[in-house]
2 protein chains.
Amino acid sequence: MQVDLGNVLDTAPAHGVSREALDRLDGRVAAAHDRIERGREAGEHGYESLNLPNSTDPAAIRDAVSRFDDPSAVVTVGIGGSALGAATLTDALESDVDAHYLDNVDPEAVERLLDSLDLASTVVNVVSRSGTTAETLANFLVVREAMADAGVDWTDRTFVTTGEEGNLRDLADKHDLPSLPVPDGVPGRFSVLSTVGLAAAALCGHDIEAVLEGAAAQEARLSDSLFDSPAYAYGAVSYALAERGMQQNAMMPYAESLETFSEWFAQLWAESLGKDGLGQTPLRALGATDQHSQLQLYRAGPRDKLVTLVRATERDDVAIPETDLDGLAYLGGSSLGDLLDAEFEATEASLAAAGRPSVRIELDRVDEYGLGELLYAMEAACVLYGELASVDTFVQPAVEWGKRAARGLLGGGDFEEADAVEEKSRLVVE
Amino acid sequence: MQVDLGNVLDTAPAHGVSREALDRLDGRVAAAHDRIERGREAGEHGYESLNLPNSTDPAAIRDAVSRFDDPSAVVTVGIGGSALGAATLTDALESDVDAHYLDNVDPEAVERLLDSLDLASTVVNVVSRSGTTAETLANFLVVREAMADAGVDWTDRTFVTTGEEGNLRDLADKHDLPSLPVPDGVPGRFSVLSTVGLAAAALCGHDIEAVLEGAAAQEARLSDSLFDSPAYAYGAVSYALAERGMQQNAMMPYAESLETFSEWFAQLWAESLGKDGLGQTPLRALGATDQHSQLQLYRAGPRDKLVTLVRATERDDVAIPETDLDGLAYLGGSSLGDLLDAEFEATEASLAAAGRPSVRIELDRVDEYGLGELLYAMEAACVLYGELASVDTFVQPAVEWGKRAARGLLGGGDFEEADAVEEKSRLVVE
């Protein structure tokens, strides 16, 4: 994996940050790296996430899911960080096992999914650290009932990932369900390299050892200079550009297999860095599709965006057949991959020519190893950005208010936040 | 459909725009409405889009696709506005016919899709106004060859939507393919209510007449005051908030069926309004899922966002089974829909309590009629915003540069933009 910062430098045609300013920033990167290393060594909350390539035991995960022989589908019931990491892996990689995610409480979507599954050959992978997340437990209760209705013993088909105590832990103990603990000190959005992200991938037959190897390769590259570490290079320039007005970061992979990765990145970036009135807003984009829409805004709208272009340099390809269609002969003999690459380079040049900064990230391939590299690098980039911005990267207080209000509204306790819901102002146009 | 502006008013706890300022803006809405009406009457480019509820003939669309009896799948080959409108409808509505979209040139994704289809019972719906869009034609050539390889006569399975002349028109004439013309004066991103958006929906068995009826109902509500038209209410407050620093607009439906609608909205908003250094950046969000991630940023990050909350007031529901799990008894007896509604209201109140503006849009139901209302209202809102901001809503010049560069790179002509690609600056960290 490599990161190319050429188009963020403040040189014509692109405009961003000067090389001299990056050199000065590098001194702060050294200090931030030192802080991160101390946090990791002490196993501090959050920093511990960056130790997962070594602390996660893939054999234990394989062993825990080995009870489920040849499933047709895996349904992961979780929300936010309990689902997106696993979805990033299983959506990117091909498998004969269908991976689904109940990460919302939309009744129509839940019903549609349950109707489409052969529950007798489906594994349910329930993920909640606390064991009390309302959405997750509600969905789990619905799935469990659907299994009962279908004559399937849910205790034979359920895998649990949860904390050391709580509802789900008790349930797993009572019914002797296979289960693994959520590691301590790892917030949900940083948990993809633990059992939270890897159990579903293992159930789908993916090489979770290679995911961890890719992550470890990027871990080994963390150093006290942004010029020596792809992860820090990305984190440092994102921060430097945000300081210079690029308050938005469009994550734009040129691979459909990485569409869910953009969502995962958006969660990581928004929830970690969006606090204290600060934070660079992640935009989810997809090349080449969004060239035909979002690019208009990125190139000609406000000067407030960094565009992150991601691609794999190796992939399976499809030849474009020769044609005598008028004006299209140039396509014959090339391939869809050639076309995609041309669009990638054209978009990058198009942004540069308009003075808009972009970063290019290249993986060798979208496979287990490459995903491990990419996911770890983005996590380390985010942690570095948080240090440089002096925010508390590993908390999410603004998410909690709404949880209390929703619980109060449903009669799950007396929360003053629920009262605020009743006081809504209205100005209705119908 | 109704739009509630209560939480954009500049009153505690929410902060946005004062009622007095909205009243003053309403004078400009009257002038903009007058301009829009004149454009519609004269059939001017772009404005013509708002006439589609009356000018589109659904019977002609039904007739044109009637040759295809009971398909198992419809593959729409198009990109940008040629695909997203149709996808918004077919992704929102249930059907026995699978709708797929080749709106990218990712070889691995194309191959995966073609491998999964029974081509003999698949309809290919090719959409390109010019008939020369590189991505669309390349994909079409690949699909055509796959059909030949499978022993399927592609001329029996192909429907064409294109302009009055060009490659695809010639092809349709030569092989007597069923086809319909793209209406004049309607940019791709405004074409969902024409054959471009409706042919795929008709092939999937949806009630396209009801889509047009819903749109017509919103068309009838356009008036010279934002307080009398849901569409203008939304367009005007989005503009007013952008002027006050809310440079981002998070479109957050609480329905998985509307996930593609957010993408469609993002295209409409970005490509229409992102120009001349202006433009409100659309963010694609999904409730309740993104409450567990993006909401942290929306509530506690920079004060630069409007959040648009969308829901349907009627839907199918799923009861949550009673449970004796510790602390979760409150969930039993309620439903997933109740939970989703509680989350919706909690998020809205959570934003208001932090002084962050939001708009609430409510449909009766996510069905053909409701989608027609919603899509038309967003288009009219966008056109109004463009008038208020004095931008040229219906052009997309910044998209063209990259197209020329890509074409040059592929040897499809001599374009100076391609040379810029070679001059890229590099600063690689690996």
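Side chains included, hydrogens not; waters and symmetry mates left out as well; all remaining heavy atoms used. Numbered from 1 within each chain, the chains take letters A, B, ... in sequence-line order.
Side chains of A:L137 and B:I320 form no contact here, defined as non-hydrogen atoms less than 4.5 Å apart. Between A:E343 and B:E135 there is a side-chain heavy-atom pair separated by less than 4.5 Å. In this structure, the side chains of B:R189 and A:S293 stay at 4.5 Å or more apart for every pair of heavy atoms. Proximity of A:N139 to B:L336: side-chain heavy atoms (C-beta onward) are separated by under 4.5 Å at one or more points. Contact check for A:P321 versus B:V142: side-chain heavy atoms found under the 4.5 Å cut-off.
In this structure, B:L340 CG and A:N104 CG are separated by 6.0 Å, a value rounded to the nearest 0.5 Å. To the nearest 0.5 Å, atom CZ of residue B:R112 and atom OG of residue A:S257 are 6.5 Å apart. Atoms OG and CD, on A:S350 and B:E400 in that order, are 10.5 Å from each other to the nearest 0.5 Å. For the atom pair A:L141 CG and B:L328 CG, the distance stands at 7.0 Å (nearest 0.5 Å). Rounding to the nearest 0.5 Å places OG1 of B:T323 at 8.5 Å from CG of A:L171. The distance from atom CD of B:Q396 to atom CG of A:L297, rounded to the nearest 0.5 Å, is 13.5 Å.
With a 4.5 Å cut-off on non-hydrogen atoms, B:A353 touches chain A through its side chain but not through its backbone. With a 4.5 Å cut-off on non-hydrogen atoms, B:D228 touches chain A through its backbone but not through its side chain. Of the atoms belonging to B:A134, heavy atoms from both backbone and side chain fall under 4.5 Å from chain A. B:L273 does not touch chain A: none of its heavy atoms, backbone or side chain, sits under 4.5 Å away. For B:A354, no part lies under 4.5 angstrom from a heavy atom of chain A. Looking at B:R19, only its side chain comes within 4.5 Å of chain A, counting heavy atoms on both sides. Within the 4.5 angstrom heavy-atom criterion, only side-chain atoms of A:L286, from C-beta onward, approach chain B. For chain A, the nearby part of B:L278 is the backbone; its heavy atoms alone come within less than 4.5 Å. Contacts between B:L325 and chain A at a heavy-atom distance below 4.5 Å involve backbone atoms as well as side-chain atoms. With a 4.5 Å cut-off on non-hydrogen atoms, B:D276 touches chain A through its backbone but not through its side chain. Residue contact with chain A, scored on non-hydrogen atoms closer than 4.5 Å, involves the backbone and the side chain of B:A266 alike. Both the backbone and the side chain of B:E256 come within less than 4.5 Å of a heavy atom of chain A.
Across every non-hydrogen atom of B:R299 and A:A398, the tightest pair is CD-O, 3.6 Å. The minimum heavy-atom distance linking A:F227 with B:L427 is given by the pair CE2-CD2, 4.2 Å. In terms of heavy-atom proximity, A:T133 sits nearest to B:H292 at CG2-CE1, 4.4 Å. Between B:A300 and A:G274 the shortest heavy-atom distance is CB-O, 4.0 Å. Between B:Q296 and A:E271 the shortest heavy-atom distance is CG-O, 3.5 Å. Residue B:A270 comes nearest to A:Q294 through the heavy atom pair CB-OE1, 3.4 Å, listed as atom of the first residue, atom of the second, then distance.
Interface check for chain A: of the options B:A255, B:G166, B:G332, B:A138, the most heavy-atom pairs under 4.5 Å are formed by B:A138. Ranked by heavy-atom pairs under 4.5 Å with chain A, the first of B:R303, B:E417, B:E423, B:K305 is B:K305. Highest contact tally toward chain B, considering only A:R360, A:R221, A:Q2, A:E345, is held by A:Q2 [criterion: heavy-atom pairs under 4.5 Å]. Between chain A and the residues B:P397, B:A418, B:G411, the most heavy-atom pairs under 4.5 angstrom are made by B:P397. The greatest number of non-hydrogen atom pairs below 4.5 Å with chain B, out of A:S334, A:S272, A:A420, A:G402, is found for A:G402. Looking only at heavy-atom pairs under 4.5 Å with chain A, the residue among B:P230, B:G80, B:A109 that has the most is B:P230. Looking only at heavy-atom pairs under 4.5 Å with chain A, the residue among B:L84, B:L295, B:V421 that has the most is B:V421. If you tally non-hydrogen atom pairs under 4.5 Å between each of B:V110, B:N7, B:L331, B:D317 and chain A, the highest count goes to B:N7. Counting heavy-atom pairs closer than 4.5 Å to chain B, the top residue among A:A319, A:G279, A:G188 is A:G279. Among the candidates A:L168, A:D341, A:L351, A:D316, the residue making the largest number of heavy-atom pairs closer than 4.5 Å to chain B is A:D316. Ranked by heavy-atom pairs under 4.5 Å with chain B, the first of A:A405, A:A406, A:P302 is A:P302.
Distance alone, capped at 3.5 Å, is enough to place a donor-acceptor pair between the A:T289 side chain and the B:D103 backbone. Of the possible donor and acceptor atoms, none in the side chain of B:R426 sits under 3.5 Å from a partner among the backbone N and O of A:D4. Looking at B:D106, its side chain never comes within 3.5 Å of a backbone N or O of A:Y254 through a donor-acceptor pair.
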The test is side chain to side chain contact (heavy atoms under 4.5 Å, CB included); show your working for A:L226 and B:V429 and say whether it passes.
CA-CA 8 Å; A:L226 73 94; B:V429 180; 5.5 Å; no
Criterion side chain to side chain contact (heavy atoms under 4.5 Å, CB included) on B:E94 and A:E108, from CA distance to verdict:
CA-CA 10 Å; B:E94 281 194 84; A:E108 293 178 342; over 6 Å; no
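Using modelled atom types, one finds a donor on one side chain and an acceptor on the other under 3.5 Å when comparing A:Q248 with B:T281.
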